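All of these numbers come straight from a predicted model, not from anything done at the bench. The chains referred to below are lettered A, B, ... by the order of the sequence lines, with proteins before strands, and numbering in each begins at 1.
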Amino acid sequence: MNDRYEFRQIEAKWQRAWEEEGIYHVDPHETKPKYYALEMFPYPSGELHVGHTRNYAIGDAIARFRRMNGFSVLHPMGWDAFGLPAENAAIERGIQPAEWTMGNIRRMRSQFKRLGLSYDWRREVATCHPGYYKWTQWLFLQLFKHGLAYRKKAQVNWCPRCQTVLANEQVVDGLCERCDTEVTKRELEQWFFKITDYADRLLSNLDKLEGWPEKVKIMQKNWIGRSEGVEIVFKLKDTGDDIPVFTTRHDTVFGVTYLVLAPEHPLVEKIISGSSREQEIRKFIHDVSRVSEIDRTSDLTEKIGIPTGAYAINPMSGQEVPVWIANYVLLHYGTGAVMGVPAHDGRDLEFAKKYGLPIKVVIAPPGEACCQDDIDKAYEDPGIMVNSPGFDGVPSEEGKDRIAEFMERNGIGRRTVNYKLRDWLISRQRYWGAPIPIVYCPSCGIVPVPEEDLPVMLPLDVEFRPSGESPLAYIPEFVNTTCPKCGASARRETDTMDTFMCSSWYFIRYTCPRSDDEPWDPDIANHWLPVDQYTGGIEHAILHLMYSRFFTMFLSDVGLIETDEPFSRLLTQGMVLKDGAKMSKSKGNIVSLEEMLDTYGADTTRLFILFASPPERDLEWSEQGVEGASRFLNRLWRLVYEFKDDLVSGHGVGHEFSGLTSEDEEMRRKTHTTLKKVTEDLERYSFNTAVARIMELVNAMYQFRDAAKARPEAMGVMREAVQLVLLMLAPFTPHIAEELWRVIGYEESIHEEAWPAVDESATVETDIEIVIQVNGKIRDRMNVAKGEDPDELKAKALASDRVRELVEGKDIRKVIVVPDKLVNIVVS
RNA sequence: GCCGGAGUGGCGGAACAGGCAGACGCAAGGGACUUAAAAUCCCUUGGGCCUUUGGCCCGUGCGGGUUCGAUUCCCGCCUCCGGCACCA
């Protein structure tokens, strides 16, 4: 053993040894109970920085702890390898996306390995590999087969100069990220998945996910946005056309003073064509859609509208109300038409005031007689219905039921549910993604590629035009094909799939990563699934996690897997900050992982990350903090070095622990209470406090050095403490734990050891200190036997000199005794 | 605007079930070792006050409340961070 902690040599040595021995390889046939620990796989952007590292340090600690707890742990890693940055790199540097991606994967894989993470690398997957995307395409076909994949026109961001489609994140302030041209919208035929079919289940299943943070569940719930209401059918006065509107406030139907259609509403055309104001209205619609195109993200909340000149009839009151068109009504939500009730909706009120539309109060606040129609603030709370013939005096909540019933009985409307969740647009007009396995045949139409013809290979050697267009459409060998049905010449779909699709099932593929004739073996997949612990960034709280849940539900519905929820427990770790800002390339505040590994090593880096902050909270990077972690490991090293001969020569000697002095017993108590607390801390992922406790124990061991040297019994206590410290550190700092474990005489890897058991008898305390309070303030302390009788505690406390002094001449009103904790004497 | 989360020393953070606020680490200061420095080891370190060994007062964003006792529970504010944002 070297007297100095040479982390470089130690880390390299054990990484090699672990890999050679395959100690992290796992098979489904082991008899131990299974545990699936997963961290979100990264996009291979080029290099890992310490920000990424947090995710993996946390996940690895969990995996290693479970392994030591006797589980057979599946812990895999791979690459979310399709995506736009590869195309940008191709355009900027003239390198093929595939080549760029593969180079990044190689570099990042070696960085992963230098971190000493306990992955079963045999299971590595990359979503851009044909062996993987073959099954992504296959899954598309399954969704297609079950009617969950369909085509419809949808708007995309279009850069007229680049002649290409832009993702939302490529549009910056309404301008093309690359050329600063104003982005417009285009209607294109796109592929969608009917995730809305699962809206209700995605919502109701959230209750089952007890191991998920409440925060994430609430975010998903809001995203799904379920709302119950009524679809009420108004009729157009002149033509008799139906105008259904969706509302959750049907109790206010008698307060409707106008109707508003979305500018894109199908009836608009019919209403305005041939009318005297047609030109004016068309201009309005055009202006509105232009504005929303350019500046969709800004909170330009000014509501503007225009009357169509048409009138609609309120089916409840028979009243005629004007029909307007306004920018704030969205076509894709509800029916694309809303009823305006200015008295009871803030937004409607704003609109009505602006355009001089009438206001009619139909809900009175409880306890108030009635009210003026001339109001400043809409009354949106429940109340008593007024001015509502047949329903006056009814509480509005009850009125909702009665109105809905009345409408259903009379065919005026029906109860219905709406969601904010929209279908998942998966088409990307891009090259570097999994091709959608569809062929367009002039006679057969849309034809799915037969499963046996998969994968539809992505050409690897492509030419990027400076404009940034997807090259796929310009490769005749790719586009031109024959129809699988009739054999006629046909055209291939040139869109690729959203990369969220690739990441919606990778956790299943890890169970059978090389399966070639099926996406996975159902028995093996069902053995491992669901993922017991998923760890990743909060930024995926909605999309990735919702899509994965949708896929899993679908796959369980069609019998391909058993579980209908993919992730039992979810841990969302906080961001890593540098100087108060999220680490990112653009901010230039990245701390290089390579540099950390060179200067401090993997164990120190990992230890700092786990120690500096609780996992869910943000972590401020501090070089001085890293120094502290490094100092601690060096301190541990020196301690073991100092005792190495005694520890080795005593190796294998049983721990009888007889003839211990009280100092020895104190040391053992510290050792075992630490073990107990660290175990509890790890169970609840409180890594920072676990590390703090191990540090405390090592501090105590330093105080115990002289004793250990003086007596063999004490050396036995020291030996036990060293063993337990190493075992406790194994999930955090695997290399130094392994090295020192061997130093003290063990021949098998520490990472194949079981988590140690607490010797409860060693933790028993006999004497404890009790706090004596007078009127809630600490005035004295006393040492008593643990479990002392409350009456006895009271007597002793009252006998204390300090207490007698303070209580002198006052009335003792009450004495509160909390056994083993405190005595509080209340005096007046 | 709505929905979450968080405010504790100079800093990161701890206190899991209402019971010793500030564990552990960083930074700072002092001492030991050294020719010296680094490293290491030991000690001090929330603020204020008092004549001492020692003791007192204040202190967990702000203002109230419940309680023998509140960082912890309740009510009302303030600030910061995150999510959603015309969703009828």
Any strand, both distances under 3.5 Å, Watson-Crick or G-U wobble: B:G9 pairs with none
Tell me which nucleotide among B:C3, B:C24, B:C84 gets nearest to the side chain of A:Asn222.
B:C3
Has the side chain of A:Arg781 got a donor or acceptor atom sitting under 3.5 Å from an opposite partner on the base of B:C20?
yes
When you check the gap from the basic side-chain N to the acidic O, do A:Arg802 and A:Glu805 get nearer than 4.0 Å?
yes
Does B:G82 have a Watson-Crick or wobble mate here (both distances under 3.5 Å), and if so which one?
B:C3
Length of the CD1-C1' vector between A:Ile224 and B:C84, whole Å:
14 Å
Taking atom P in both B:G5 and B:A88, compute the distance separating them and give it to the nearest angstrom.
23 Å
A:Pro358 backbone acceptor or donor facing A:Thr257 side chain under 3.5 Å:
yes
Grab the N/O contacts between the protein and nucleotides 11-15 of chain B below 3.5 Å, and write none if there aren't any.
{"from": "B:G12", "atom 1": "O2'", "to": "A:Ala612", "atom 2": "O", "distance (Å)": "2.7"}
{"from": "B:G13", "atom 1": "O3'", "to": "A:Asn688", "atom 2": "ND2", "distance (Å)": "3.4"}
{"from": "B:A14", "atom 1": "OP1", "to": "A:Asn688", "atom 2": "ND2", "distance (Å)": "3.0"}
{"from": "B:A14", "atom 1": "OP2", "to": "A:Arg617", "atom 2": "NH2", "distance (Å)": "2.9"}

A:Ser227-A:Tyr333 side chain donor-acceptor pair, cut-off 3.5 Å
yes
If pairing requires Watson-Crick or G-U wobble contacts with both distances under 3.5 Å, which nucleotide is the partner of B:U44?
B:A28
Within 45° of the ring axis of A:Tyr702 and under 6.0 Å from its six-membered ring centre, is that where the NZ or CZ of A:Arg635 lies?
yes
Closest-nucleotide mapping onto RNA chain B: is A:Val818 or A:Leu806 further toward the 5' terminus? I mean the 5' end.
A:Val818
Are the side chain of A:Lys354 and the backbone N or O of A:Ile304 linked by a donor-acceptor pair below 3.5 Å?
no
In Å, rounded to the nearest 0.5 Å, how long is the span from CZ of A:Arg226 to NZ of A:Lys420?
14.0 Å
Contact nearer the 5' end of RNA chain B, comparing A:Met575 with A:Ala629:
A:Ala629
Under 3.5 Å, N/O pairs linking protein and nucleotides 37-43 of chain B:
{"from": "B:U40", "atom 1": "O3'", "to": "A:Arg638", "atom 2": "NH2", "distance (Å)": "3.0"}
{"from": "B:C41", "atom 1": "OP1", "to": "A:Arg635", "atom 2": "NH1", "distance (Å)": "2.8"}
{"from": "B:C41", "atom 1": "OP1", "to": "A:Arg638", "atom 2": "NH2", "distance (Å)": "3.2"}
{"from": "B:C42", "atom 1": "OP1", "to": "A:Gln703", "atom 2": "NE2", "distance (Å)": "3.4"}

Inter-nucleotide C1' distance (B:G25, B:C80), Å rounded
25 Å
State whether A:Glu680 and A:Lys677 are salt-bridged, where the test is any N-O pair (Lys NZ or Arg NE/NH1/NH2 against Asp/Glu carboxylate O) under 4.0 Å.
no
Roughly how many Å is it from CG in A:Asp780 to C1' in B:G19, rounded to a whole number?
17 Å
Integer angstrom distance from the P of B:C11 to that of B:A23:
15 Å
Electrostatic pair A:Glu642-A:Lys709, nearest N-O below 4.0 angstrom
yes
Has A:Lys814 got a side-chain N or O lying under 4.0 Å from the OP1 or OP2 atom of B:C68?
yes
Indicate, with a heavy-atom threshold strictly under 4.0 Å, whether A:Arg779 touches base, sugar-phosphate, or nothing.
sugar-phosphate
Would you classify A:Ser622 as touching base, sugar-phosphate or nothing, given that sugar-phosphate means primed atoms plus P, OP1 and OP2, and contacts are heavy atoms under 4.0 Å?
nothing
In whole angstroms, the gap separating P of B:G1 from CG of A:Asp348 amounts to 20 Å
Quick one: do A:Arg8 and A:Glu6 make a salt bridge, cutoff under 4.0 Å?
no
Which whole number of Å gives the distance between the C1' atom of B:C20 and that of B:U60?
15 Å
Paired with B:U53 by Watson-Crick or G-U wobble geometry, both distances under 3.5 Å: which nucleotide is it?
none
Nearest listed nucleotide, side chain of A:Arg347, among B:A88, B:C84, B:G4:
B:A88
For atom C1', what is the distance between B:G46 and B:U53, given to the nearest Å?
24 Å
C1' spacing across the pair B:U72 / B:G61, given as an integer number of angstrom
16 Å
Contact class for A:Ile218 vs. all strands (heavy atom < 4.0 Å): base, sugar-phosphate, or nothing?
sugar-phosphate
For B:G22, measure the glycosidic angle (O4'-C1'-N9-C4 for a purine, O4'-C1'-N1-C2 for a pyrimidine) and name it syn if it falls within 90° of 0, otherwise anti.
anti
At under 4.0 Å between heavy atoms, what does A:Gln773 touch on the DNA or RNA strands: base, sugar-phosphate, or nothing?
base
How close or far is atom P of B:A70 from atom CG of A:Asn775, stated in whole angstroms?
12 Å
Contact class for A:Val260 (heavy atom, under 4.0 Å): base, sugar-phosphate, or nothing?
nothing
When the P atoms of B:A21 and B:G31 are compared, how many Å lie between them, rounded to an integer?
33 Å
For A:Gly628, which contact category applies under a 4.0 Å heavy-atom criterion: base, sugar-phosphate, or nothing?
sugar-phosphate
Which is true for A:Arg226 with a 4.0 Å heavy-atom rule: it touches a base, it touches only sugar-phosphate, or it touches nothing?
nothing
Ignoring hydrogens and geometry, is there a side-chain-to-backbone donor-acceptor pair from A:Asp603 to A:Ile736 under 3.5 Å?
yes
A:Asn327 has its side chain closest, among B:C86, B:C24, B:G19, to B:C86
Across all strands shown, which nucleotide pairs with B:C73 by Watson-Crick or G-U wobble geometry, both distances under 3.5 Å?
B:G65
Determine, for A:Arg693 against A:Asp681, whether the closest basic-nitrogen to carboxylate-oxygen distance falls under 4.0 angstrom.
yes
With P as the reference atom in both, quote the distance from B:C16 to B:U66 in angstrom, rounded to an integer.
25 Å
Watson-Crick or G-U wobble partner for B:A23, using a 3.5 Å limit on both distances?
none
Given atom CH2 of A:Trp223 and atom P of B:G82, what is their separation to the nearest angstrom?
17 Å
How about A:Tyr685 and A:Gln573: does a side-chain donor come under 3.5 Å of a side-chain acceptor?
no
What is the distance from CG of A:Leu349 to P of B:G1, rounded to the nearest Å?
18 Å
Figure out the NZ/C1' separation between A:Lys420 and B:C3, and round it to whole Å.
10 Å
Between P on B:A28 and CD on A:Glu627, what's the gap in Å once rounded to a whole number?
12 Å
Could you check whether any side-chain N or O of A:Thr335 sits under 3.5 Å from a backbone N or O of A:Pro244, counting only pairs where one atom can act as donor and the other as acceptor?
yes
With a non-hydrogen cut-off below 4.0 angstrom, is A:Ile816 in contact with a base, only sugar-phosphate, or nothing?
base
Please classify the nucleic acid contact of A:Val338 as base, sugar-phosphate, or nothing, using heavy-atom distances under 4.0 Å.
base
